[in-house]
Visitor: 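This is the structure I have questions about; it appears just below.
Keep in mind it's a predicted model, so treat the numbers as computed, not measured.
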Amino acid sequence: MSHQLPDVQASTPDVAVGLSQVGVTGVQKLVKLAREDKRPIVLMAEFEVYVDLPSGRKGIDMSRNMETIDEILEEITREEAYRVEDVCGDAAEKLLAKHDYTTEAVVEMEADLITKEETPASGRQTQNTATIIASATATEDGTREEIGAEVTGMTVCPCSQGMSEARAREKLDELGVDEETTEEFLDAVPQPGHSQRGHATLTVTADGDPDVDLGDIIDIARDAMSARIYNMAKRPDEDHMTYQSHANAKFVEDCVRSLAEDTVEQFDHLADDAVVKMVQSNDESIHEHNAHAERELTMGQLREEVTGQD
């Protein structure tokens with residue numbers, strides 16, 4: 001004879017404290033990104049899914065919720081999508097509707113996007129990798145979606161480059177080179193500075209769909225550093241990247257400022273209440289520590305700060 005097992009999850013906990021996020025992480029699903037007149041891009045995406053838990057409930061029925069989450073993600077990812085943030089938004093809204101005790105559902109996603117490109121000097125075919133960042137938060141008031149990317153590039157320190165330039169100027173003076181020729185030479189041949197591998201992250205969050213192109217986000221992030229880097233490079237490409245990076249030396253702070261300036265220029269249609277997050281982290285080559293800078297603010301505030309510098 002069967003009997004009903006007690007629903008311990010729905011009982012009142014000994015310590016009646018509510019939890020802002022309870023859920024699962026590391027959920028892997030295939031996501032197909034549709035492209036006009038091309039085969040879809042298939043991503044191996046990893047999801048994190050959370051709901052809030054009121055103080056009067058002991059748990060979220062983890063196994064039952066995992067079944068619900070799996071069903072929702074399977075349904076959402078079965079068809080091709082044009083925007084990964086909409087995948088997260090649809091899943092968050094369905095998850096919120098499935099739980100009568102929760103007031104907020106959050107779905108976060110990361111995936112590597114690999115695209116084809118050409119090397120800058122030799123024109124060889126190679127590939128670029130960017131990490132897509134997407135999320136959505138659904139409440140009774142509506143859904144906010146986030147889209148962004150983290151990319152890798154190269155930076156050169158202006159401070160160490162300045163010291164090298166001072167040494168070069170001093171040596172040229174000792175060799176009897178006139179000042180005009182010295183300045184002409186230094187303008188044409190950027191002096192060495194210690195370099196870093198940089199990691200730029202740019203995300204945009206807005207009510208509903210942020211309505212920004214993921215490709216534009218990736219381009220802005222890659223161009224915020226001293227130079228783009230490539231998975232494959234022949235000698236002319238190495239020379240191009242070395243020269244480009246030293247001719248465009250940037251502090252970690254300057255990279256975030258470049259993200260800010262190009263975001264305002266590229267996304268002039270964004271509403272003032274959209275939130276922009278800009279992060280730059282550099283793996284230092286001559287220090288045991290790394291360099292980091294970031295800023296998060298509304299698009300309206302960013303416009304005011306950037307245009308106020310003119």
Side-chain angles (χ1 to χ4, degrees), residues 25-29 31 33 41-48 81 83-89 106-117 126-137 144-156 195-206 209-231 241 245 248 250-267 270 274-285 289-297 299 302:
T25 64
V27 181
Q28 294 185 331
K29 295 290 179 184
V31 175
L33 281 183
I41 297 173
V42 180
L43 304 173
M44 172 58 79
E46 183 166 300
F47 289 88
E48 297 184 3
R83 295 182 181 274
V84 288
E85 62 270 34
D86 289 342
V87 172
C88 295
V106 177
V107 176
E108 301 174 353
M109 189 208 85
E110 285 195 4
D112 286 338
L113 174 66
I114 299 176
T115 54
K116 294 180 179 180
E117 63 180 357
T126 185
Q127 296 181 350
N128 170 255
T129 303
T131 299
I132 302 173
I133 301 167
S135 71
T137 301
R144 286 182 66 82
E145 294 180 0
E146 174 193 38
I147 183 62
E150 178 186 339
V151 303
T152 304
M154 177 180 178
T155 62
V156 171
S195 62
Q196 307 99 355
R197 176 173 291 181
H199 309 276
T201 303
L202 174 63
T203 66
V204 178
T205 305
D209 188 341
D211 191 27
V212 293
D213 185 81
L214 179 60
D216 291 338
I217 286 178
I218 291 172
D219 284 338
I220 290 171
R222 292 186 75 187
D223 290 336
M225 293 173 274
S226 295
R228 295 190 177 199
I229 61 174
Y230 298 81
N231 282 335
M241 286 183 279
S245 60
N248 189 30
K250 290 183 177 182
F251 290 121
V252 65
E253 300 94 331
D254 294 325
C255 296
V256 175
R257 296 181 182 112
S258 293
L259 287 170
E261 185 176 31
D262 290 348
T263 295
V264 169
E265 180 179 347
Q266 184 68 40
F267 301 137
L270 277 175
V275 175
V276 178
K277 185 173 184 179
M278 304 162 291
V279 181
Q280 179 71 30
S281 294
N282 291 343
D283 302 333
E284 290 282 1
S285 60
H289 57 265
N290 295 325
H292 183 91
E294 67 176 83
R295 184 72 190 280
E296 184 174 5
L297 71 174
M299 191 65 184
L302 185 59

Visitor: Taking side chain to side chain donor-acceptor pair (under 3.5 Å) as the test, write out the residues that go with Asp112, two or more places apart.
Guide: Thr131
Visitor: Who pairs with Glu253 by side chain to side chain donor-acceptor pair (under 3.5 Å), at least two apart in sequence or on another chain?
Guide: none
Visitor: Is the backbone of Thr205 close enough, under 3.5 Å, to the side chain of Lys277 for a donor and an acceptor to pair up by distance?
Guide: no
Visitor: Output all residues satisfying side chain to side chain donor-acceptor pair (under 3.5 Å) with Ser135, sequence neighbours left out; order by chain, then residue number.
Guide: Glu146
Visitor: Who are the salt bridge (Lys or Arg N to Asp or Glu O under 4.0 Å) partners of Glu294, not counting sequence neighbours?
Guide: none
Visitor: Could you tell me which non-hydrogen atom of Ala274 sits nearest to which non-hydrogen atom of Ala206, and how far apart they are?
Guide: CB-CB, 4.1 Å
Visitor: Which is it for Val275 and Arg144 under the side-chain contact (heavy atoms from CB on, under 4.5 Å) test, yes or no, and what are the steps along the way?
Guide: CA-CA 10 Å; Val275 175; Arg144 286 182 66 82; 3.7 Å; yes
Visitor: Would you give the length of the straight line joining atom CG of Leu113 to atom CD1 of Ile41, rounded to the nearest 0.5 angstrom?
Guide: 5.5 Å
Visitor: Are Asp219 and Gln266 close enough that some pair of their side-chain heavy atoms sits under 4.5 Å apart?
Guide: no
Visitor: For a quick test of reading the model, state the closest non-hydrogen atom pair linking Arg197 to Ile229 and the distance between them.
Guide: NE-CD1, 4.5 Å
Visitor: Taking all atoms of both residues into account, what is the closest heavy-atom pair of Glu150 and Ile133, and its distance?
Guide: N-CD1, 4.2 Å
Visitor: Working to the nearest 0.5 Å, report the span between CZ of Arg295 and CG of Leu302.
Guide: 8.0 Å
Visitor: Only one of His289, His199, Gln196 passes side chain to side chain donor-acceptor pair (under 3.5 Å) with Asp283; say which it is.
Guide: His199
Visitor: Please list, chain by chain and in numerical order, all residues satisfying side-chain contact (heavy atoms from CB on, under 4.5 Å) with Ser195, sequence neighbours excluded.
Guide: Met154, Val156
Visitor: If I compare all heavy atoms of Ser226 with all of Thr155, which pair ends up nearest, and what's the gap?
Guide: OG-CA, 3.3 Å
Visitor: Does Asp254 have any side chain to side chain donor-acceptor pair (under 3.5 Å) partners at least two apart in sequence or in another chain, and if so, which?
Guide: Arg257
Visitor: Could you work out, with salt bridge (Lys or Arg N to Asp or Glu O under 4.0 Å) as the rule, every residue matching Asp216, not counting sequence neighbours?
Guide: none
Visitor: Just jot down the side-chain contact (heavy atoms from CB on, under 4.5 Å) partners of Arg83, sequence neighbours excluded, or say none.
Guide: Glu85, Asp86, Asp209, Asp211
Visitor: Please enumerate all residues that pass salt bridge (Lys or Arg N to Asp or Glu O under 4.0 Å) together with Asp223, with sequence neighbours excluded.
Guide: Arg228
Visitor: Tell me the closest heavy-atom pair linking Gly198 and Gln280, and the distance in Å.
Guide: CA-NE2, 3.6 Å
Visitor: Can you tell if the side chain of Met44 reaches within under 4.5 Å of the side chain of Gln28, non-hydrogen atoms only?
Guide: yes
Visitor: With sequence neighbours excluded, what pairs up with Ala149 under the side-chain contact (heavy atoms from CB on, under 4.5 Å) test?
Guide: Leu214, Ile217, Ile218
Visitor: Please name all residues satisfying salt bridge (Lys or Arg N to Asp or Glu O under 4.0 Å) with Lys29, sequence neighbours left out, ordered by chain then number.
Guide: Asp70, Glu74
Visitor: Measuring only between side-chain heavy atoms, which start at C-beta, is Ile220 closer than 4.5 Å to Phe267?
Guide: yes
Visitor: Quick check: closest heavy atoms across Ala134 and Val84, and the distance to 0.1 Å?
Guide: CB-CG2, 3.9 Å
Visitor: Nearest 0.5 Å please: distance from the CE atom of Met299 over to the OG1 atom of Thr263.
Guide: 6.5 Å
Visitor: Please tell me if the side chains of Ile147 and Ile132 come closer than 4.5 Å, counting only heavy atoms from C-beta onward.
Guide: yes
Visitor: According to side-chain contact (heavy atoms from CB on, under 4.5 Å), who are the partners of Ile114, at least two apart in sequence or on a separate chain?
Guide: Gln127, Thr129
Visitor: Please tell me if the side chains of His292 and Val279 come closer than 4.5 Å, counting only heavy atoms from C-beta onward.
Guide: yes
